[in-house]
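In the text below, chain A, chain B and the rest are named by the order of the sequence lines, each starting its count at 1. Since the structure is predicted, the reported quantities are computational estimates derived from the model, not experimental observations.
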Number of protein chains: 2
Amino acid sequence: MLDAALELFTAHGFEGTSLQDIADRLGVTKAAVYYHFHTKDELLRALVEPAFAEVSALVAEGEERPASSRRAGVVEVGRYVDYLLRHRRFAVWLARDAAAMTRDVVVQQATEIRERTEAMLVGADADALSRIWAAATLQALAGGLIAAPADAPDEWLREELTELGAHLLAGYRKAARRREA
Amino acid sequence: MLDAALELFTAHGFEGTSLQDIADRLGVTKAAVYYHFHTKDELLRALVEPAFAEVSALVAEGEERPASSRRAGVVEVGRYVDYLLRHRRFAVWLARDAAAMTRDVVVQQATEIRERTEAMLVGADADALSRIWAAATLQALAGGLIAAPADAPDEWLREELTELGAHLLAGYRKAARRREA
DNA sequence: GTCTATAATGCGATAGAC
DNA sequence: GTCTATCGCATTATAGAC
């Protein structure tokens, strides 16, 4: 059921998908959907929660490691790519339907997680340039994931996306060094 | 008026913004909005058209240049960044509201332009890996633009985003060479 | 757990006065 | 060019039978 909703949200967006659409896809009525999720926002929350919990734990792990050991950020990128691949369809949806994350039920959590994820890549007290590279890296990974053929094996994707992310972080450090000079 | 619509679309998405919302923002009634745009889709088209025409011309220019002279793609990235900066708020909206581009009035144009823009970066007959890097580059530029402070001067942004895009294209060529070996 | 039926609201869109 | 008023319809959500 969450699966059907996710599929429709990906195609038409959260606002562009009605509970009727979801019910039709499942071959049931709207009322049946409302039995499981009392409101549409509750469905959104249920869809978002497991993925958010996972990335939150991922970032928390990174926050506990000493800054020196994660300066390169390559380990973090690898873990993040793994997370993207585990929640592939979810990530594809979110990257292209940011408006859904402005809903009251999820906006706080979403903002906090995005900020912490960016901080994991470029540090907590980042300046404008760092934030740009961090955001660009996250968007690039999502963009690559979206463009990948649906039948692309996870192993291959993991390798390519990790390289892509690591390459961007290397570029960021180069730009930061240039700025310091 | 298009300005007010664009602002609301950026915040809540095309589907999440009603004509009432737009009318309220302008301090007029829905009917007044309908005088200028007979349907909501017509408003969408009017919002999209100038930017699409511009990027289409940009890509067409690139298509006329011999492939050898644009193999590096740096010139193309620079021109694309200029385009993003000229339509900054529009680009921020589109990057995060893909559902709007699935509307019948714009879906064909949008798909064609996205494909031609990616082809400009990595060639017309691109394999899966090339398409991933091309999509990642475009998404990264949009992501960087979104993360930039609203008061960041265009000159500075142009420089940083161009470097970001060029860095990604360099990474793509590196990955392509590795794959050939 | 799913159904039918319906309430309540908001939506895109139109008609006609000013 | 903007208004008031309204239509028809889809939407979220609820009530109650099975």
message: Is it the case that the side chains of Y172(B) and S130(B) hold a donor-acceptor pair, with the cut-off being a distance below 3.5 Å and no angle test?
response: yes
Checklist line | E163(B) and R178(A), any side-chain heavy atoms less than 4.5 Å apart | finding: yes
Close side-chain approach of R179(B) to D127(B), heavy-atom, < 4.5 Å: yes
Contact check, residues 21-29 of chain A vs DNA chain D, heavy-atom distance under 4.0 Å, returns none
Whether [X] contacts [N] is assessed here as follows: a side-chain N or O lying under 4.0 Å from the phosphate OP1 or OP2. Is that the case?
{"X": "H36(B)", "N": "dT2(D)", "result": "yes"}
{"X": "Y35(B)", "N": "dG1(D)", "result": "yes"}
{"X": "Y34(A)", "N": "dA13(D)", "result": "yes"}

So if I take residues 98-109 of chain A and measure heavy-atom distances to DNA chain C, which residues fall below 4.0 Å?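 Correct list: empty, so none.
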Mind running a 4.0 Å heavy-atom check of residues 3-11 of chain A against DNA chain C and sending the residues that fall below it, in number order?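 Within residues 3-11 of chain A, no residue comes under 4.0 Å of DNA chain C.
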Would you mind reading off the distance between [X] atom [atom1] and [N] atom [atom2], rounded to a whole angstrom?
{"X": "M1(B)", "N": "dG1(D)", "atom1": "CE", "atom2": "P", "value": "12 Å"}
{"X": "E15(A)", "N": "dG10(C)", "atom1": "CD", "atom2": "C1'", "value": "12 Å"}
{"X": "D41(A)", "N": "dT11(D)", "atom1": "CG", "atom2": "P", "value": "16 Å"}
{"X": "Q20(A)", "N": "dT6(C)", "atom1": "CD", "atom2": "C1'", "value": "14 Å"}

*So which pairs with a foot in residues 135-155 of chain B pass salt bridge (charged side-chain N to carboxylate O under 4.0 Å, His left out), sequence neighbours left out?*
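Salt bridge (charged side-chain N to carboxylate O under 4.0 Å, His left out) check on residues 135-155 of chain B returns R88(B)-D154(B), E155(B)-R158(B).
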| query | Passes salt bridge (charged side-chain N to carboxylate O under 4.0 Å, His left out), R89(B) versus E7(B)? Steps please. | reply | CA-CA 8 Å; R89(B) 297 173 59 218; E7(B) 197 175 322; 3.7 Å; yes
Table please: side-chain donor-acceptor pairs of residues 49-62 of chain A below 3.5 Å, with sequence neighbours left out.
unit_1: E54(A); atom_1: OE1; unit_2: H87(A); atom_2: NE2; d: 2.8
unit_1: E54(A); atom_1: OE2; unit_2: R86(A); atom_2: NE; d: 2.3
unit_1: E54(A); atom_1: OE2; unit_2: R86(A); atom_2: NH2; d: 2.8
unit_1: E54(A); atom_1: OE2; unit_2: H87(A); atom_2: NE2; d: 3.3
unit_1: S56(A); atom_1: OG; unit_2: R116(A); atom_2: NH1; d: 3.3
unit_1: E61(A); atom_1: OE1; unit_2: R79(A); atom_2: NH1; d: 2.8

Only counting residues at least two apart or in another chain, list the ones meeting side-chain hydrogen bond (donor to acceptor under 3.5 Å, both in side chains) with [X].
{"X": "W133(A)", "value": "none"}
{"X": "T29(B)", "value": "none"}
{"X": "E115(A)", "value": "none"}
{"X": "H12(A)", "value": "none"}

Write down the protein N/O and nucleotide N/O pairs, taken from nucleotides 6-10 of chain D, whose separation is under 3.5 Å; answer none if there are no such pairs.
none

Please list all pairs meeting ring-ring contact (aromatic ring centres under 6.0 Å, His included) that have one or both residues in residues 29-49 of chain A, counting only residues at least two apart or in different chains.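 Output for this query is empty, none listed.
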Quick note, A32(A) side chain, CB onward, closest among dT2(C), dT11(D), dT14(D) is dT2(C)
Note to self: Going by the rule ring pair (Phe, Tyr, Trp, His ring centres under 6.0 Å), which residues pair with F9(A) if we only count those two or more places apart in sequence or in a different chain?
What the structure shows: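 For F9(A), the residues satisfying ring pair (Phe, Tyr, Trp, His ring centres under 6.0 Å) (neighbours in sequence not counted) are F14(A), W93(A).
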Heavy-atom closest pair (A147(A) atom, A135(B) atom, distance to 0.1 Å) is CB-CB, 3.3 Å
